[in-house]
Amino acid sequence: MNTTQAFNGVIAIDGPSGSGKSSVARRLATELGAACLDTGAMYRTATLAVLRSGVHLGDKQTVIKVVETAKVEFGTTPADRYARLDGENVDADIRGDEVTANVSAVSSIPEVRQYLITSQRDIIKAAENGIVVEGRDIGEVVAPDADLKVYLTADPAERARRRSTQNGANLAATAADIKRRDTADAKTTRPHDAAPGAVVLDTTHLDLDQVITALHELITRGGTT
Ligand SMILES: Nc1ncnc2c1ncn2[C@@H]1O[C@H](COP(=O)(O)OP(=O)(O)OP(=O)(O)O)[C@@H](O)[C@H]1O
Ligand SMILES: Nc1ccn([C@H]2C[C@H](O)[C@@H](COP(=O)(O)O)O2)c(=O)n1
């Protein structure tokens with residue numbers, strides 16, 4: 001394991017589904033003594049709030065109202081990340097099939113994005129010991145002035161293999177689901193492109209330790225390739 005580096009800034013990690021953003025962000029934040037923010041969990045919790053409200057997804061104005069009034073909380077300590085809705089821990093529910101199938105529709109609504117982006121910026125501003133933020137639009141939209149921007153990717157077959165190993169799901173179905181979500185998300189964000197100024201890290205042939213080592217080297221060098 002790497003020794004903790006002195007770090008007090010913002011690291012933006014973007015990339016497509018299953019590229020390793022969450023695992024990498026959590027471990028890097030732990031090693032840096034920083035916070036970490038999973039913005040996908042925020043879109044997922046908003047989606048769960050909408051599904052639980054019973055509102056039709058096509059009723060955009062009501063969907064927006066539900067998202068803006070939902071009582072949500074997000075833990076940003078790497079060892080204690082959580083998402084809460086109305087005081088209830090919803091970590092498992094937000095990663096279930098129903099939320100996964102509907103999250104791209106909710107996250108495509110501009111007002112929902114604007115509301116959550118404002119929350120994300122508030123959380124980043126409040127982080128006192130640095131923060132690693134991961135998602136799809138962090139380096140380009142949420143935190144374009146981040147100290148280090150990384151675009152984490154891996155080829156689709158490898159991303160599907162990792163995801164199906166993680167959750168035991170059928171490999172072909174997992175690959176199809178990843179493709180479907182990347183395609184849907186591409187209408188809103190740019191999961192297939194690096195943000196301007198981002199370092200591209202293709203992890204297809206790297207294990208988690210090697211990715212973390214590469215990121216520590218980037219931090220030491222100030223983000224240059
Ligand atoms: N470099 C790597 N080598 C091998 N396995 C990895 C690597 N990076 C991540 N993984 C594994 O791949 C799986 C998916 O990773 P993770 O959930 O971090 O991806 P993600 O980009 O956050 O996905 P999503 O956007 O769908 O939430 C996890 O089981 C994780 O442990
Ligand atoms: N910054 C972000 C983060 C996430 N989303 C959307 C797109 C994803 O399909 C969904 C769930 O994210 P995941 O948990 O898979 O990382 O949320 C987004 O639009 N912008």
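As the structure lists them, so they are numbered: ligands from 1, and atoms in each ligand from 1.
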Q.
Check this for me, if you would: do D59 and K65 make a salt bridge, where the nitrogen-to-carboxylate-oxygen distance has to be below 4.0 angstrom?
A. no
R95/D38 ion pair, N-O < 4.0 Å: yes
* Asked: Going by heavy atoms in the side chains, are I64 and E68 under 4.5 Å from each other?
  -> yes
task: Would you indicate whether the side-chain heavy atoms of V24 and L208 approach each other to under 4.5 Å?
output: yes
Short version for M42: what comes under 4.0 Å of ligand 2, heavy atoms counted, is neither
The atoms of ligand 2 lying under 4.0 Å from a heavy atom of D185, numbered in the order shown, are 7 (C), 8 (C), 9 (O)
Across all chains, not counting sequence neighbours, the side-chain contact (heavy atoms from CB on, under 4.5 Å) partners of T183 are K179
Exactly one of V150, L206, L28 clears side-chain contact (heavy atoms from CB on, under 4.5 Å) with V211, and that residue is L206
Nearest non-hydrogen protein atom to atom 17 (O) of ligand 2, with distance, is Y43 CB, 3.5 Å
*Side-chain donor/acceptor of K149 to backbone N/O of P196, under 3.5 Å*: yes
Ligand 2 to V103, heavy atom cutoff 4.0 Å, flagged ligand atoms 9 (O), 10 (C), 17 (O)
Is it true that, when you exclude E128 itself, more than 12 heavy atoms of the residues, nucleotides or ligands shown sit nearer than 6.0 Å to its CD?
no
Next item on the list: Report yes if the side chains of R121 and K125 come closer than 4.5 Å at any heavy-atom pair, otherwise no.
Entry: no
Looking at D38, T39, L37, the heavy atom closest to atom 3 (C) of ligand 2 belongs to T39
Under 4.0 Å from ligand 1, residues with heavy atoms, in chain and number order, are P16, S17, G18, S19, G20, K21, S22, S23, R136, R162, R163, Q166, R181, L206, D207, L208, V211
Contact region, R181 to ligand 2, non-hydrogen atoms below 4.0 Å, reads side chain
For G135, the atoms of ligand 2 under 4.0 Å from one of its heavy atoms are 1 (N), 3 (C)
Notebook entry, point to check: Does R113 reach ligand 2 with a nitrogen or oxygen that is under 3.5 Å from one of the ligand's nitrogen or oxygen atoms?
Noted result: yes
With a 4.5 Å limit on heavy-atom distance, are the side chains of K60 and P110 in contact? no
* Asked: For T189, is at least one N or O under 3.5 Å away from an N or O on ligand 2?
  -> no
Between ligand 2 and D137, is the shortest N or O to N or O distance under 3.5 Å?
yes
Contact region, E134 to ligand 2, non-hydrogen atoms below 4.0 Å, reads neither
* Asked: Looking only at distance, does S17 have an N or O less than 3.5 Å from an N or O of ligand 2?
  -> no
Q: Is it possible for you to say whether V133 and L215 belong to one hydrophobic cluster, with membership spreading through side-chain heavy-atom contacts below 4.5 Å?
A: no
Query - Backbone or side-chain N or O of K21 under 3.5 Å from ligand 2 N or O - result: no
Looking only at the side chains, is there a donor atom on one of R162 and T203 sitting less than 3.5 Å from an acceptor on the other? yes
